[in-house]
Amino acid sequence: MTHEGTAGVEPVAGTPLSAALAATADDRIVFDLTGIEERYQSLLRELPGVAVRFAMKACPVDEVLARLAGAGAGVDAASVPEMEQALRAGVPIGRVHYGNTVKSDRNIADAHRLGIRDFATDSLEDVAAIAEHAPGARVFCRLSTDTRGALWELSGKYGCSTADAVTILETARKLGLVPSGLSVHVGSQQMAPEAWRDAFERLADVLAALDRRGIALDHINLGGGLPVPGYLDKHGRPLDPPIDKLFAVIREGMAHLHTIGGHHLGFVVEPGRYLVAGQGAIRAHVSRLSARRGPDGRRQYWLYLSCGKFNGLYEMDELQYPLVFPTHGGPGTRHVPAVVAGPTCDSDDAYSHQDGLVQVPEALASGDPVWVLSCGAYAISYTTQGFNGFGPLPYTCIDGGATGGSAKAGGG
């Protein structure tokens, strides 16, 4: 299957992001802070009253954290360094929670010393450690869920059964902790409404069981997983999430849980990709467009870019980022089907070789610019410090079309 290299250009054409890409002469990722805040506000309109804790692993950029904090968001942090960065960026301590169920005694104690009072958990061993090293803390228990329908199924490593959750929160109360909530995560880029329905059913079962034991929780954390348009799957097919239906299912589920947990029950969401994916794009360049014959004798085109899996496009094993070639196009432009690959000497640094070919201009030359769209999520965090000598991309933030701050190395 092949597709046009300019697929997905519509969301960026004529925007401050496209203007910033056009004005950039060297490789870098550009984030649109205004666009990120607009996504945050649109989420609040879809889910009124929900508290947002940005999953900062998706985009650990100080300017992004500061903009979201200024708009009222908090942070879902998975480590003490993430907490420290969030606090430096201006996120209030009361809006930061420790969302990782995997943590050592030292991690817990260090977080508690910082002032963190909300901890995720999913085991009796972890609850006992929290009670010892963060006495009096609030804990919310993560349930395992069915993550089928997600592009990345997050199952196995995190989450417990409904029966275990009841035991864990009862134990937390006995150990002097505050059993404050439940959490779920339906998988990353979750496309199936049924996954959310299943999660709400499990939440309802635990809420009812806890109510019978005299435990009244104050919040439900719905995790992340909200999908975004603008991607293609690894075969080149557009991913078109039924976002309106997903939000309707979530609102219905929240209303049902209110009937069990009472009107004191609050809700939290932990979006990452949803807020930043479409608000970040990379200006890269063509290393080479080449053609060579394989062992089967067939000729195949390869488009090598200056960035790839190890410096900005980590998720290229499961999806294709839309590409724009700003110096090529128009009537009569001849295209050829190519495998898109990064610059490193690693065979994993490429789109699918068999059925993920991309239509690219045949006249591409080394040094030609290419815009990689919909890559605002994980382009900074999923990167190496210089695999094969190819370092992280610097980044620039724009605000309403103006450049915000100086260029910084990726992640810094």
Side-chain angles (χ1 to χ4, degrees), residues 20-21 23-31 55-65 77-86 88-89 100 152 188 234 272-273 276-277 279-290 302-324 338-353 356 358 364-398 403-412:
L21 291 169
T24 299
D26 56 354
D27 288 4
R28 68 184 53 251
I29 182 166
V30 181
F31 295 102
M56 64 179 287
K57 65 182 180 181
C59 189
V61 171
D62 290 346
E63 294 89 338
V64 171
L65 298 175
S79 67
V80 172
E82 279 197 341
M83 297 168 198
E84 291 171 337
Q85 181 185 355
R88 288 194 304 270
N100 192 352
W152 292 273
S188 190
K234 62 183 177 182
R273 184 185 308 278
V276 298
Q279 312 310 316
I282 290 173
R283 190 279 188 196
H285 68 269
V286 173
S287 293
R288 186 76 60 204
L289 175 62
S290 63
W302 286 79
L303 174 62
Y304 300 104
L305 303 181
S306 59
C307 70
K309 185 179 182 69
F310 302 100
N311 63 338
L313 306 180
Y314 180 82
E315 296 181 330
M316 65 195 301
D317 57 337
E318 288 296 333
L319 57 78
Q320 293 185 11
Y321 305 89
L323 306 178
V324 176
V339 178
V340 175
T344 65
C345 196
D346 191 299
S347 60
D348 284 340
D349 191 9
Y351 286 176
S352 172
H353 300 190
V358 178
L364 285 173
S366 182
D368 284 348
V370 56
W371 299 349
V372 187
L373 307 184
S374 299
C375 57
Y378 301 104
I380 291 290
S381 49
Y382 282 173
T383 190
T384 70
Q385 291 303 305
F387 178 65
N388 267 177
F390 296 94
L393 291 169
Y395 71 81
T396 297
C397 293
I398 63 169
T403 300
S406 59
K408 298 184 180 181

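As the structure is a prediction and not an experimental result, all values here were calculated from the model.
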Problem - Verdict with supporting geometry, Ser306 and Asp27, side chain to side chain donor-acceptor pair (under 3.5 Å) - result: CA-CA 8 Å; Ser306 59; Asp27 288 4; 2.5 Å; yes
Problem - Full working for side-chain contact (heavy atoms from CB on, under 4.5 Å) between Lys234 and Tyr351 - result: CA-CA 7 Å; Lys234 62 183 177 182; Tyr351 286 176; over 6 Å; no
Practice task
Test side-chain contact (heavy atoms from CB on, under 4.5 Å) on Trp302 and Arg288 and set out the steps.
Solution key: CA-CA 8 Å; Trp302 286 79; Arg288 186 76 60 204; over 6 Å; no
Problem - Leu364 and Leu303: CA distance, side-chain angles, deciding distance, side-chain contact (heavy atoms from CB on, under 4.5 Å) verdict - result: CA-CA 9 Å; Leu364 285 173; Leu303 174 62; 3.8 Å; yes
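Between Asp348 atom CG and Tyr314 atom OH the span is 9.5 Å, to the nearest 0.5 Å. Residue Phe31 holds its CZ atom at 7.5 Å from SG of Cys375, rounded to the nearest 0.5 Å. In this structure, Glu82 CD and Ser381 OG are separated by 8.5 Å, a value rounded to the nearest 0.5 Å. Atom CD1 of Ile29 and atom SG of Cys59 lie 7.0 Å apart (nearest 0.5 Å). Put simply, CG on Asp368 and CG on Leu305 are 11.0 Å apart, with the number rounded to the nearest 0.5 Å. A distance of 7.5 Å separates NZ in Lys309 from CE in Met316, rounded to the nearest 0.5 Å.
For the pair Asp349 (side chain) and Asp346 (backbone), a donor-acceptor distance under 3.5 Å is absent. Distance alone, capped at 3.5 Å, is enough to place a donor-acceptor pair between the Arg283 side chain and the Thr24 backbone. Asp62 places no side-chain N or O within donor-acceptor distance of the main-chain N or O of Ala89, the cut-off being under 3.5 Å. Between the side chain of Thr384 and the backbone N or O of Gly386 there is at least one donor-acceptor pair closer than 3.5 Å.
Ring-plane geometry between Phe387 and Phe310 is classed as tilted, the angle between the planes lying from 30 to 60 degrees on a 0 to 90 degree scale.
Annotation for Val358 and Gln320: closest pair CG2-OE1, 3.6 Å, computed over non-hydrogen atoms. Summarising the geometry of Ile282 relative to Leu21, their closest heavy-atom pair is C-CD2, 4.0 Å, with the distance given to 0.1 Å. Minimum heavy-atom separation, Val61 to Ile380: CG2-CG1, 4.1 Å. The two residues Asn311 and Pro392 make their nearest non-hydrogen contact at CB-CA, 4.5 Å. Minimum interatomic distance between Ile398 and Ala20 (heavy atoms only, all atoms of both residues): CG2-CB, 3.9 Å. Residue Ser374 comes nearest to Tyr321 through the heavy atom pair O-CD2, 3.7 Å, listed as atom of the first residue, atom of the second, then distance.
No side-chain heavy atom of Lys57 sits under 4.5 Å from any side-chain heavy atom of Tyr382. With a 4.5 Å cut-off on side-chain heavy atoms, Cys307 and Leu313 count as touching. The shortest distance between side-chain heavy atoms of Leu393 and Arg28 does not fall below 4.5 Å.
A salt bridge is defined here as a Lys NZ or Arg NE, NH1 or NH2 lying under 4.0 Å from an Asp or Glu carboxylate O, and Glu315 with Arg273 meets this definition.
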